[in-house]
Amino acid sequence: MELLEKRIREEGKVLPGDILKVDGFLNHRIDPMLLDALGREFARLYKDSGVTKILTVEASGIAVAVMAGLHLGVPVLFAKKHRTANLSHDVYAADVFSFTHKTTYSIAVAKAYLTDMDRVLIIDDFLANGAAIRGLSSLVSQAGASLAGAGIAVEKGYQGGGDALRGEGMRIESLAVIESMDSSTGEIRFRR
Ligand code: 5GP
């Protein structure tokens, strides 16, 4: 999506350790007009998929997910993060290894809000190695819900998580896919 690539080119900062910082418009300060456009695009891509619910993970997935939910006209559920696995039995839970923090945390959603009647679209701000999507997808399976696919704002394609999931049959739609980035020059190349 040209609009998103342009913002990444203009404002994104490549940090050592394969981190792209986009906190000026995506996940700290938020540009609602840009996110509205992202939500509209996810809705266009998934409009015929029978989606009944959006699922994301706190905190940075929420803004994008809400915009997608608004344009698809469906509720948005965000998984909560816990430092320990001390969770109640009223939740579906999964462990996720955090690419940015290099630790494992648990994510959980209340069983009451995700059921076998749901067809779920997973939304997140970033896709790197795919751990967050795999954790969210596990919550969907535990609930007996079906998965329409995933919508990602920025996929770091060279990390391979997205292509591995596609290879397993999951539909993944990423609005910007980074082919390579270099923290010494700041250069960012997109997949075409
Ligand atoms: P994965 O689980 O696919 O390895 O990583 C995805 C998660 O890690 C996303 O939910 C996102 O919060 C975080 N993440 C991964 N790479 C980046 C990055 O380059 N920049 C930022 N801001 N977050 C990232």
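All ligand and atom numbering here is 1-based and tracks the order in the structure. Here the structure is a predicted model, which is why all the values come from computation and not from measurement. By convention here, the first residue in the shown sequence is residue 1.
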With the threshold set at 4.0 Å, does a side-chain nitrogen-carboxylate oxygen contact exist between [X] and [Y]?
X: Glu10; Y: Lys6; result: yes
X: Arg9; Y: Glu187; result: no
X: Glu5; Y: Arg189; result: no

Salt bridge (Lys or Arg N to Asp or Glu O under 4.0 Å) assessment of Arg7 paired with Asp31: CA-CA 11 Å; Arg7 283 299 281 274; Asp31 178 344; 2.7 Å; yes
Close residues, ligand 1: non-hydrogen atom nearer than 4.0 Å: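 Within 4.0 Å of ligand 1, protein side: Asp18, Ile19, Leu20, Asn27, Ser60, Phe99, Thr100, Asp124, Asp125, Phe126, Leu127, Ala128, Asn129, Gly130, Ala131, Ala132, Lys156.
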Derivation of the salt bridge (Lys or Arg N to Asp or Glu O under 4.0 Å) call for Glu155 and Arg166: CA-CA 13 Å; Glu155 174 179 342; Arg166 288 183 186 98; 2.7 Å; yes
Verdict with reasoning, Arg134 to Asp95, per salt bridge (Lys or Arg N to Asp or Glu O under 4.0 Å): CA-CA 9 Å; Arg134 285 182 192 281; Asp95 285 339; over 6 Å; no
